[in-house]
Structures are given as structure tokens and as C-alpha cells.
Amino acid sequence: MSRIGLTPPDWLVRNLQAQQAPVNRAAVARAAVAMSLPLAVGLAVDQAAYGALASMGALSGVIGDTADAYRMRILTIAIPQLFGAVGITLGALVYGQGWIAVCAVTAVALVSGMISTIGAVASVSGLLLLLNSVVGAGLPMPGDWWLAPLLMTGGGLLVLLLALLAWPLRSGVPERAAVAAAYRTVADLMAACGRAEYDEARHAVTQSLNQSYDLVLARRARHHGRSPELTRLLAQLNAITPVVEAAPAAHLSGRPLAPEVPETVRHLARAVETGYTGPIGLKLPVPVSETSRAVDHALRHAAEVVAVPDVDPRGIDDRLGRPAALGVRAARAARNVALSAASWRYGLRLALCIGLAQALVSIVPVPRSYWVALTITFVLKPDFGSVFSRALLRALGTVAGLVVAAAVLSQVPRGWWDVPVMLLLAPLIPALTPRGYGYQTAAITPVILLLSDILNHQGTALLMPRLLDSLMGCAIALVVGYLLWPESWHTRVGDRLADAVADTAAYVEGAFGNGVEPAARARMRRRLYRDLSVVRTEFQRALTEPPPTGRRAAAWWPLVVAVERIVDATTAARVRVRHGAAPPSSAEVGQVTLQLRELADGLREVETLYEVRTDLTGPAGSVLEPVRQEVAAARAITSPR
């Protein structure tokens, strides 16, 4: 056999490749304590089953323990626990009720799928609602009806308590660290100007600014602008924006910036992180061009803002728009879910698969049958990425986890030995989760089996039913939730990129139009880069799909890069105009926006890219010349047929 025949396909390699991510040591420690302590308490009072239920609740808290800011942890851990308590209660009420249980769990699946479209916290809440209802409908719960939800919620809240222990000592530290990290990524961007690594550095800046704004604005919405610390952090974030806007102009000049420029930004990052407010000495080269003047002006403005101890909140513009009150956002989200075709489609898709699984195991005797629905719940969550990819990784991760579980169940006697075993297994969940879904499944599987054995005492007899049920769940998700839905075969990169191109046209128009405020212009640019970051994420997900979906997605990548370059060129032109260059005429701007809107309309109508000739002309030396070149390049991109 030839060596070529042994080479795995690219989509399989991308699925199996571990993602690079730092280990959150604090989360690892919390997982070890929160999941082993309930077991120890349960054994001490001779109620091991109660301890196992509390550890199951702690497991859901560990999965949701992903936020950096302390206030955000309350939302990401506590709110899903409430939904989980409702789920276990509903499931326990219909346990052993035959087709009533099937209908009840299917209805819960519909609700779970619909609320998953709201956001990250709602998605985890919907996940726990469905997971716990499936567990409650498939396993007899010990004690009275209220005991299981109380124990599981208590386990999850134990994770929250451990996560908040350092809050009095470190209040505001995660937000300040995030803003400082954003400054450091901007320093890397300035160092990359004129070099090949510029594009990756710009993408890192977008991600870092997104995270920083999300953290600061999420807290500031609850403080209503009264917190001086948060107001100052928001002002510092806004102050780095002109530096980011000057970077494309510096990059397009083709010459690297003086090393003093990125070093100055790193110096500002250290001041932000430590809260320093004294005088900041700047050692910058003398500006000699429009671009260097823009960089110099932006850095000096950022240094002034960083050094100011008190900031007037009335003068601060939220570059992503001020968040509405929590009640307003909740009402808006509920209305959008009820009226959105996408949320109904996702909900019906999940409900169909869960209903089929519940009906199947009601007719055909399958041991440990609730695992079938659990597998579908994890695999088919619409906001968690490619269904095909997750089904593949779920199967592989389960096999790897079963190997560990087999050793634990066969060699470790039930009792006090479970506590040190849990101390070893639980930390693997937060340690491996950032590496990818397959690694997370491999870490969770032995933990779930150990807790299940404490409840049911079946030992290694759990292993083969666990594998069989997982494979059945993956098969149902792939056939009923993937292959039977034509939208699964088509990448969404084109539609989202078309929206981004249309927004780019509006940005070009606003960048050189009269009557557009600088803050509004900055918000347009920030939202546009955020949308392009989402397109990048969708592109990476699509590449994990098998042919032809993955191959079609790969054809879009040059256009994704081209649109980002158009935005950069527009920002650079605006910076040059602000620092002395002649502004373009309205006819020039109209010509470029017309071409972009035609491109957006064309992208919505095609599945395969094709070349579109364009005739963009304008006065020589115009600041829009780089923009015209990038638009022409975008419209001339072809894809392999």
C-alpha cells in the first residue's frame, strides 16, 4: 500500500488535533475539592448515594466554571443550576411513566434547543435542563422528590462558593488583567506592522478587545456607570482604540515601526495592570509622516488616559453600545426566541432526536437507556459546533474514557477509596476541556461512571452498555439531526460573510461621510471586526466537516481575508485624512460602497465562488486607492470547481 493511502484526510486531522490553551490551575483545584468533598461527607454519614448526587451537581458547576470576572461566575454557575434543578424535578416526576415520560422529555428538549440560541449562559442552562430531566426520567432518585434537586443544586453552588472565595481580595482584578492583556496584544500588533505576522496579530487583538469589553461592560451595566474603577477601565479600553486604528496605516506603509512604539504600549499595559496613575514618561521617535503622526498622537492620548486617576463617566462612550438593563435584555431575548425561525428549527431538531431516542428505548430493552438521550444532548447542541465533528469526537472520547473507567471500576473497591480517585479524576475535566470536545468527553466519562456505580453498584457491567448507548446516540444525532437536514450540508460562512461585506460598505460610507460622530464610527468598526471574528470561528468549524462541506468552506477563506483587508485599508485611509491627507470625494466613496453592496448581494445567491470583474477607478494618490485595490481583489477571487 502506498504511503499516500495511509495519510488521514485533513478534516479528520483537524478534528483530532488538540487545541492549545493554558491550564486554569484555580479551576483545576476547585474541581478536585468540589467533587470529592460531597463524596467524603456522604460516606461519613453513611449516605454515599447522596454524596454521589451532590458530586453530579458539582460536575455541572465545574463545566460552567469558565468565566474570569467574579460577578460573571454568579451568572455562569448559579443560573444553570436553577435550570438543572427544574430538570431533575421534572424528570423524576415522570420516571417510570412510559409514554408520558417520552412526551415530557421531548417537550423539555424543544425548550432547551430554543433557549440555547439566546447566549452562552442560556445555552448552558438549557443543556442542564435537558440533561437532568433525562437523568431524572431514567434513574430512580433516592429520598423524597425534593432531595435530588436540592443535593445536585448544592453541589453546583459549592463550586460557585469556592470560585468566589477570593472575591473580597481580588475584586476587579480579572477586569484589569483583561484590559492589560488587550494592551499587550496591541503591542504585539504594532511590532508586527510591515511584517507577515500582522494578520494573526490583528486577529488576536480583536479577540482580546472582545473579551475585555464583554467583561467591563457586563459589570458596568449592573453598576449603572457609578463605579469609578470600571469607568476608568472602559476609558482605558477606548483610549487604545486610536492606536489599533493607526496600525493598518502603519502596516500598509510597508515599513516596521520603531521598537520604541510597541515597548511604549507594553509600558502602558504594566501601568494598567498595576493601577499606576503617576506620570508616564514616553520615549517616542519624532513623527515625520501622516502615519507616524497618527501613531504618536494615539499613543500620547492613551498615556494621558492611563495616567488619569479619576474619569468623568459622562464623557465615556461605550464602543460596543451601552448594555440595556437586565430586565429589558431578558424580555428582548424571550421575544426573539419565541418569534425566531432559527430557534424553532433548532428546538424541533433537538426534540425530534430526543423523542426518537426515548421512544426507541421504550420499545427496545436497552440497559442504561438514558445514556442514549444524554449523548444526543451533548452532540446535537446547535451552538456547540459541527454535529458531525462532535459525534465523531464523542465516540472516540467515550472509548478512551471507558479504558480509564474499566481500571477504576475493576481495581478500586467502592467506599473511601472513591474519594482519592475522584481527587485524581475531577481535575482532568477543567484541564482537558479547553483542548477539545473529545478530550472533555474522555475526562468526564470515568467520573460519570464512578458516580453511577456508587448509585447502582453494577461495577464493570456498566462499561459495554455505556459504549453501546453512546454509539446509538451518536448514530441518531448523525442521521436524524444531521443528514436529514439539508442545512447541515451547507456552510454558513457565505451568509455571514455577506452580512459582513454589507456592514463594510456602511463602514466605508460612515468613515468619510459628514455628520457621523467619532464614537459611532468606532462602534461600527468594533462591531465589524467582531462579526469578522465570528466568521473566522464559523470557518474553522466548517473545516472539520467531511467533503464536500469542508472543501466548500475552504474556498471561502481568501475572501474572508480580503474583507478584513478592506476594513483595514478603510481604517488606514480614515487615519490619513484625520492627520492631513486630502479626503476622498463623495463620488469615490459611492463607487466603492456600490461595489461592496453588489458583492454582498452576490454572496447571498451562490454556494460556490466565481470571479466578478470590476472597474474601480479614481484619482491617483487618493487615500482610497488601497481600498479600491482591496475591493477589486475581493471581487476577483475564484474558488476551485
Side-chain angles (χ1 to χ4, degrees), residues 11-12 14-16 19 59-60 63 87 105-106 108-117 120 123-135 138 345-361 366 368-402 429 432-433 435-445 448-449 465-485 487-489 492 538 540-542 544-546 549-550:
W11 61 267
L12 181 58
R14 292 190 184 97
N15 272 302
L16 299 179
Q19 302 174 19
L59 173 60
S60 61
I63 295 175
V105 174
T106 302
V108 171
L110 174 62
V111 175
S112 172
M114 293 182 68
I115 66 176
S116 294
T117 61
S123 176
V124 177
S125 300
L127 176 68
L128 288 187
L129 173 67
L130 181 54
L131 284 178
N132 286 1
S133 66
V134 169
V135 171
R345 187 164 59 249
Y346 287 148
L348 289 172
R349 189 171 168 184
L350 182 59
L352 178 62
C353 291
I354 293 294
L356 178 61
Q358 292 292 97
L360 179 64
V361 299
V366 178
R368 323 301 301 167
S369 59
Y370 64 92
W371 273 327
V372 180
L374 289 181
T375 298
I376 294 173
T377 302
F378 276 112
V379 170
L380 203 61
K381 286 288 287 182
D383 55 324
F384 282 1
S386 163
V387 172
F388 179 88
S389 173
R390 289 176 67 81
L392 173 66
L393 295 176
R394 176 80 181 183
L396 295 177
T398 297
V399 172
L402 286 176
I429 298 173
L432 294 181
T433 292
R435 305 293 179 185
Y437 179 61
Y439 294 90
Q440 182 193 51
T441 301
I444 290 178
T445 296
I448 287 290
L449 286 173
R466 177 72 171 92
L467 178 61
L468 175 63
D469 292 344
S470 292
L471 294 179
M472 288 177 60
C474 290
I476 292 173
L478 278 177
V479 175
V480 182
Y482 180 78
L483 293 178
L484 297 184
W485 297 77
E487 66 184 43
S488 303
W489 315 335
R492 291 179 290 177
E538 184 64 35
Q540 295 295 335
R541 288 177 177 176
T544 62
E545 299 278 3
T549 303

List for me each residue that meets side chain to side chain contact (heavy atoms under 4.5 Å, CB included) alongside Leu471, sequence neighbours excluded, and say none if there are none. Ala395, Leu467

Below 4.5 Å, heavy atoms only, C-beta onward: do Ile444 and Ile63 meet side chain to side chain? yes

Residue list, side chain to side chain contact (heavy atoms under 4.5 Å, CB included) with Ala357, at least two apart or on another chain: Val372, Ile376, Ile476

Nearest 0.5 angstrom please: Tyr482 OH to Cys353 SG, how far? 13.5 Å

Donor-acceptor pair, side chain of Ser112 and main chain of Gly126, under 3.5 angstrom: yes

The reported gap from OG1 in Thr377 to CG in Leu350 (rounded to nearest 0.5 angstrom) is 6.0 Å

Is there a side-chain contact between Leu127 and Phe378 (heavy atoms, below 4.5 Å)? yes

Determine, step by step, whether Asp469 and Thr375 satisfy the side-chain contact (heavy atoms from CB on, under 4.5 Å) criterion, reporting the C-alpha distance in whole Å, the side-chain angles of both residues, the deciding distance to 0.1 Å, and the verdict. CA-CA 8 Å; Asp469 292 344; Thr375 298; 5.7 Å; no

Hey, does Leu348 have a side-chain heavy atom less than 4.5 Å from the side chain of Leu110? yes

Considering all heavy atoms, the nearest Ala391-Cys474 contact: O-SG, 3.5 Å

According to side chain to side chain contact (heavy atoms under 4.5 Å, CB included), who are the partners of Ala442, at least two apart in sequence or on a separate chain? Ala400

Which atom names give the shortest non-hydrogen contact between Ala477 and Val379, and what distance separates them? CB-CG1, 3.8 Å

Taking atom CG of Leu130 and atom OG of Ser125, what is their separation to the nearest 0.5 Å? 12.5 Å

For Ser133 and Val105, work out which heavy atoms get closest and say how close. O-CG2, 4.3 Å

What distance do Leu131 atom CG and Ser60 atom OG have between them, rounded to the nearest 0.5 Å? 9.0 Å

Pairing residues for Thr441 by the side chain to side chain contact (heavy atoms under 4.5 Å, CB included) criterion, not counting sequence neighbours: Arg394, Thr398, Tyr437, Thr445

Mind checking what makes side-chain hydrogen bond (donor to acceptor under 3.5 Å, both in side chains) contact with Ser470, not counting sequence neighbours? Arg466

Val108 side chain near Val134 side chain, heavy-atom distance below 4.5 Å: no

